[in-house]
Structures are given as structure tokens and as C-alpha cells.
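Predicted model only: the values in this text are computed from it and were never measured. Residue numbers start from 1 in every chain, and the chains themselves are labelled A, B, ... in the order their sequence lines are given, proteins ahead of strands.
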There are 4 protein chains.
Amino acid sequence: MASTKPLSRPADADEPAARRERRKEARPGELLDAALDLFVEKGFAATRSEEVAARAGVSKGTLFLYFPSKEELFKAVVRENISGRFGEWQDEFEKFEGTSAEMVRYCMRVWWERIGATRASGITKLMISEARNFPELAAFYQQEVIRPGTELIRRILQRGVDSGEFRPLDVDNSVYSIVAPIVFLIMMKHSLGPCSPQDYQLDPLRYIEAMADNLLSGVCARPAQEQRR
Amino acid sequence: MASTKPLSRPADADEPAARRERRKEARPGELLDAALDLFVEKGFAATRSEEVAARAGVSKGTLFLYFPSKEELFKAVVRENISGRFGEWQDEFEKFEGTSAEMVRYCMRVWWERIGATRASGITKLMISEARNFPELAAFYQQEVIRPGTELIRRILQRGVDSGEFRPLDVDNSVYSIVAPIVFLIMMKHSLGPCSPQDYQLDPLRYIEAMADNLLSGVCARPAQEQRR
Amino acid sequence: MASTKPLSRPADADEPAARRERRKEARPGELLDAALDLFVEKGFAATRSEEVAARAGVSKGTLFLYFPSKEELFKAVVRENISGRFGEWQDEFEKFEGTSAEMVRYCMRVWWERIGATRASGITKLMISEARNFPELAAFYQQEVIRPGTELIRRILQRGVDSGEFRPLDVDNSVYSIVAPIVFLIMMKHSLGPCSPQDYQLDPLRYIEAMADNLLSGVCARPAQEQRR
Amino acid sequence: MASTKPLSRPADADEPAARRERRKEARPGELLDAALDLFVEKGFAATRSEEVAARAGVSKGTLFLYFPSKEELFKAVVRENISGRFGEWQDEFEKFEGTSAEMVRYCMRVWWERIGATRASGITKLMISEARNFPELAAFYQQEVIRPGTELIRRILQRGVDSGEFRPLDVDNSVYSIVAPIVFLIMMKHSLGPCSPQDYQLDPLRYIEAMADNLLSGVCARPAQEQRR
DNA sequence: TATGAATGAGCTTTCATTCAT
DNA sequence: CATGAATGAAAGCTCATTCAT
């Protein structure tokens, strides 16, 4: 999880010939990867550019060949990792055939698999830690991630309410019943988790299961329950 | 929220005479207050000690008179603001007479009033942002806050399960159905919130209400509902 | 001439008591002195800030305590050394009782004594070397030095022409018959002079004398000459 | 003045065929041209080798193919542009048939046409700005330019004195009555001139005329004047 | 030859920390 | 106790120079 070693370019098969070329094109990506890890781990200010370069396997100077400043590097890291997957998801959910409860479960699981479990999740921690220092970026993140993300979830909930599958909800706020557990999981993964004793580590899949169960069924016992799955 | 002046200790009626001496004794506290605000806002590394001193109304030198280093200042800030209120709360809940559902609601509301709405909430953001840079502090926080906090909540849930008021739960994970919304609210308050447009600001009390509703009753419609409040 | 050693503060009599205080007030001046010498000698870009600090007897950090950047230091050096002496000179010349020829001689000699022979003359070389890199400063220098300087000299010449003591002149250009030798002398003093063999060193007073003689009398022999002095 | 493109060698009729090869041989010259312009404009230290290469239309690497270092490039620029034309001029003046006054005028005009008005004049500014940083070069310049130049002018003056056309002069210093206006004109052209308002721009030919007039006839009115030209 | 990606010494600037007053 | 001038290690960034292609 957020390995501290330079990402080995996968299966670096390198016929000695074209190596230089391939490197050149890979450089920005390798630098962004290294920067993401370090920014997430230590924060923007505490990360030294030289360290980013070193982790990407290049020298200090090379970093500045591709990014004119540490701040621009930060911006690039954020932008790079916010490839709007929301459109794709939107489609997926529009075609979804199951119940809204299934959609909620599916949504949370899929999020974990495609974002939460990957390095991209670090961006969330990054943004939360640095938003006040980079208001323009925070606004960008708000636009590109938060707004479409909450909108997507709002629709899922609204669909359930409209169909009568869900009770009438304060939809605006209920969105966070899905978002908050997800964001919390990321925070654990990237900050306190690595510092916690074994018995406090979360098991992400079970965690998500429980969050979904509680959200859908509530914790209160019910007279007659058909309940989950 | 995050006032820019040292929080005047409440009702500091300031008879002009004794002010100087009182000030002197208040110094460390004023410094810790100023430091908390700044660390929360900008992070540890990006906060300059001179700014802390200035906000506390003293000179740079004075800061180092009370705290031998910026790192020690940070630790003091964290320690100072982790008042183990859990003992007191433990008592409160032990004497609590209502249903477990009421306890959950009460717990969340009380947390908001006594922590969430105050400057102390900044500590959470601080720890999440800086845990990796201060592992000892993270462990301390784990000990003093997370462990007793989750324990407290676990008991509430367990009580409900034992009494049959709650259905059988994955109690370990369900704790986070309460914790996550709370932590998420703090994060919003201290990082993205101040950068967000008006219509994305959370209304804390309604937010908590919705979180509690959803947690207790679930979002799925029920055959016969007596539901909330 | 532009000594390469730190200017020893003269007779540093320093009663041990007030030293810190006195230093503090002297710092900016000492730094400006050091910077002037080095900028004149090596040019702006080739002068390292640390060297300026060292020559002023302080550390690198201290320099930036008084001047926010190397460029601001440069500007301060130029401004500091352009104390508009032209007003004072204007008066002096207005009250001048002798012939216009005497005025020309006096003007050149006085310039040498009060500017040329002092460190202030370095500013001229500095501006000429760096004007293209600091157009705003060049404009400032144009305004504050060149314009009033040429104006002053133009009046002297015009006075001579008006009184019939001088022949009708192309006054606009003739101004440079006085300015050019002066500027040239500075250039020699600050650039090639220190690199030239002994026998090519100018003797400033004789040089000025010759320039004035030639300007006033011309080099061509005259039928009947009362000539110089 | 100081064109921003490599000066195309005159009449480079460019039959498309042979261009490539010719280019190759022209490389060093183009680099020297570009370097001269930039060194004159910005000084040695502030000129980036990449910019020199770019202006010469080649890559950074190519520059170092022809010149082993920036310093060597600088030296080459100076050497290249110090063509000892003095031999040729010497001959010209030896055969000169007119009066010594005419020689002085001719000398100044010719200098302007053949040096002053060309890019070669930049060398003077360059040497004056950088002499202290390149003492060996300064010595070289002294040898190759200053010494023969002043010698040449000294002979002109001495000829006039010997023939009785000029009055007895301090010949050593009087040389600078010719040199100083010339050098001053260059300085204006290359440093403050481009930063000055329109009305402070010199008209070189009139300027030279006035300098020569004043030098030959002096500014003082004469009883009977046969005067100039 | 020519290129331009890569390097790293070196420079400007910052800021935690010290200490004379 | 309190100050703030002074320090210098450390960080961001530049650019002359190298070298694989």
C-alpha cells in the first residue's frame, strides 16, 4: 500500500536499443507516480522535490525539465489522477437492472475496486490535507470530482425513493451516508492506518459490507425482516 | 470558525491592573491556540513559527521560550487538545436511561456540540494530515482517542444488540457507521468546506440528523414503520 | 580603488555596550557598500549574494533580512548612490562669478572630486553594464541623473554662448564634449584600468586638465593666443 | 541594431543545393554572431548558452561541439571581433594628404562607419563590462586594440603638433579627446540608448561632427576664425 | 555531426533556532 | 522574561555541460 520504493517499471524488458526513447515518454508518468506517493504520505510542503526525483529514478534537474515548479507538479498530480470516470459510471448505473439497494452495494464495491484500492485514492487524502493551501485546486476538485460524484449518488438514492424502494429521504444529506464511509476508509488507509496496531486495521471489503448493510437496513431490529442479500 | 485572534478565555473581564501577570501565565495557552489554528489550516510543514508567534501576539523568541522546537509545539498542541473526555462520557452513557437508538442520536449530537463545533475538532484533521510524519503522536492519538472512542461506541451498539433493540450487527465495523459521518463532517469543515460554494456547505445539525436516521432505520422502506423520533 | 576587502568600519571604537544597536542601524549601509563594490566589479549576475553578505561581515540570511531579494538590493544600491546633488550644483553655478571657461573647468574638477574619485562613480559603470537587464532602473537613472546632469551642463554652455564668450555651438551635442570624457574616465577606472599596465593608467587630474584645455581652446594653433588658465 | 537573427553573410544567394554544407561551415560564425549580440545585451553571466544556440538556430549540444565552454565562447567572440584593422588604417593615414584637422575628422568618421555603426562596436561595451571578470582578455584587448588604437591617434596628433598646425599638446592625454567621445557613443548605443526616450537619442553623425568641431576649434570664441571644414 | 535528455554543482531564498541585549 | 537581529542548514530552482542516440 503506497509502497515506499520506486515503482519498478513493469517487466522492464528493455531491448537496449530504444531505452532512452521509452524512458523519455514514461518520465512524466513516473514522476507523477512518485510525487503522488510522497505527497500523500508526507504532505506537499514536507516533500522535497529531490526526493520525488530520486523515487522516480532521475535527478533533481530532470524533475524541473518536465514540471516547471513543485507547485505545478502538485497540480499535475491532482489533474492526472482525476480522470473523470463519472461519465462511464453514470452509463453503468443508467443501464443497471437490479434494485436500488443492489445499486448502492454495487456502487460502494465498485468504488473500492476501481479507486479505493488503487493509488488514486491517495488524491482524496491529498486534497483534504492541502485544500486550504491550494484553493484553486480545491475548487477544481470540487468541480471535477465532488460535484459529479455526489450527483451520481444522489441519483441512485432518488431512483430508490421514486420507485418506493427507499423511504422518503433527506436526499441531499443522505448522499453522505455513502460518501462518508468511503472517504473515511481512504483516510484510514492513508494516514492513521499505517500507524495503527494490527487489530485496528480495517478489512475493506467487510467494512464496506457492513456500511452498506447498516445504510440499507438500519441497525434497528425490524418486525419482519427479509433483509440483506 | 478558526478565528484569527487568540481566543480570549471566556469572561476575561480584564481589570487593567492584573492583566500583565495573567497574560504571562496565559502565554503557552495562547500559543497553543494560535498553533492549532494554523496547523489545521496549513499543515505542520507549511506553518511558520513566526506566524504562530505573531498570531499569539508575542515575538518569535518567546515561542521558543515555551516550546523547545516546532515539533514539540506540534506535539503539545495535539496533546493539549486530546482531553480524554471519554471517561466523563462513559459515565454519561452508563447512566443513560433511554433506548439505544436515542443513545446513538444523543451521542452524535453531543459529539457535535462538544467537539465538532469547537476548535478542538481541528485536531482530527491535523492528525489525519500529519499522522505519517508523527507516528509516535499517531500512536498516542490512537491510544487516547480512537481506542476509547470506538470502544465507547461499540458499547452503545453492543447494548442495543444485547437488548434486542438492534439486529445482530458486525459491531466492529458498524462502529464506523457512527464515526465515519462524524469524521467526514470535520474534514469538510476544515478543508474543502471553506473552499466550497455556498450550496455545497453542510448544515451540521441536519446532516447529523440524516446520518442518524439512515443509520437507525436504514434507507429501505419497511412494511410497518414506527420510525424516528 | 574598489578594494576587494571588507570595508573596515572606520576605527571601530565600539564600546562593547551599544554595539548591537549601532550595528543594526549600520547594516543596510554596510550591505549597500559591499554590494556596490561587487556589482561594479563583477556585474550583477556574477555577484553572489553570499559574497555581498560576507564582505559586509554578516551571514547570507542577514542580507535577506534587509533586502527582500538580490534584485531589490540592486535597486537600492542604485537609488542610494544617486542623491540628487544636482540641485546643490545648480545653485553653485548660478552664483558663479567667473568666466564660462572657468565654469567648465570648475565643473569638471568638482565632478571628479565629489563623484569621480569616490565609490559613487561605480554606479555609472553599473548602470551602463546592466541597463538592458533593468530597463525600469535605466529609466529611473535617465530621469534622476542623466537628464538633470545634461541640463546643468547645457546651461553652462548656453551661458557662454549667450555672453559671446563661446562661439555659436551645437549645444545639444556639445554637452557630450564634457560628459564623454568624464564617463570615459569612470569606465577606465572601473573596468580596463585595473587590468592595464602601469604606463596606461590615467592620471585623473592631468587627464581632466587636458580634456578641458582641448575643449576650451581646441587643438588647432591660433594666430594670437592668450590661452588656458 | 543588434538584430535578433543570425546575420546572413552578405549575398548568401542560397542555391538550395549547397545550402546544407555551407551552413555547416558557417556554424561557428553564426554562433559567434549570436553570442556577441547576447553578451553585449545582457552581459556574460546573464546570457544562457541555450539562448545563444537557439538564436544561432542550433541545439545546445552543437554549441559545445564548437566551443568547449561558455568561457571559451566568450573569448572567441572577443578575439573574432578584434580584427587588428589598425595596420590597414595606419597605411591609410600615412598616405593621407590633407591637414591634421582633416585627419582627425576623417578618423572619427571612418571609425563610426567601419566600427561604430556595426555590430563590432558591441565588443567595446562587452570588454568594459566584463574586463574585471576576464583579465586575460582585457590584457589581450589592451594589446590588440587599445595600444595600437591610441598609438594611431597619438601619431595623428603628434603630426599636427610637429607641423605646427596644432598647438603644443599634452599628447598622451589628448588622445582621449578623440577616444572618449567615440567610446561614449558606443556606450549610449548599447546600453542606455535603447532605454532612453526619443529625445535623448543621439544622432551619431551630428554628434561626431560636434565633437570634432569642439576638439579642433575649442568652444571659446576667437578673434579671427577661419574655422572648420 | 547534431541532438536534446539528463545531470548535479551552485545559487537564491526561506525559516527554525539561538542569543546578546 | 521578552525581544528580534542574526545565523546557516536546507530547500527550490537554474543552467553549463555531458553523452547516448
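Applying the salt bridge (Lys or Arg N to Asp or Glu O under 4.0 Å) criterion to C:Glu72, with sequence neighbours excluded, gives C:Lys75. For C:Thr62, the side-chain contact (heavy atoms from CB on, under 4.5 Å) criterion is met by C:Arg27, C:Val58, C:Ser59, C:Tyr66, not counting sequence neighbours. With sequence neighbours excluded, the residues satisfying side-chain contact (heavy atoms from CB on, under 4.5 Å) with D:Ala45 are C:Ala45, C:Ala46. Residues passing the salt bridge (Lys or Arg N to Asp or Glu O under 4.0 Å) test with C:Glu51 are C:Lys42, sequence neighbours excluded. Taking the side chain to side chain donor-acceptor pair (under 3.5 Å) definition, one finds that B:Ser69 meets it with nothing, sequence neighbours left out. Shown here are the ring-ring contact (aromatic ring centres under 6.0 Å, His included) partners of D:Phe74, two or more places apart in sequence or in another chain: D:Phe39, D:Phe44, D:Phe134. Residues satisfying the side chain to side chain donor-acceptor pair (under 3.5 Å) test with B:Asn133, not counting sequence neighbours, are B:Glu130.
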Protein within reach of the bases, or only the backbone? For nucleotides 10-16 of chain F, mark each nucleotide 5' to 3' as B, S or -, using heavy atoms under 4.0 Å. BSSBBSS
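Here the straight-line distance linking atom CG of B:Leu137 with atom CD1 of B:Ile82 works out to 7.5 Å at 0.5 Å rounding.
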So what is the 5' to 3' dot-bracket string for DNA chain F, if pairs are Watson-Crick or G-U wobble with both distances under 3.5 Å, crossing pairs use [ ] and | means the partner sits on another strand? .||||||||||||||||||||
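At least one side-chain nitrogen or oxygen of A:Tyr66 sits closer than 4.0 Å to the OP1 or OP2 atom of E:dA6.
The residue among A:Ser59 and D:Leu63 whose nearest nucleotide of DNA chain E is located toward the 5' end is D:Leu63.
Atom pair C:Glu72:CD and E:dT13:P shows a separation of 10 Å (rounding to whole Å applied). C:Leu31 places its CG atom 14 Å from the C1' atom of F:dT7, with the value rounded to the nearest Å.
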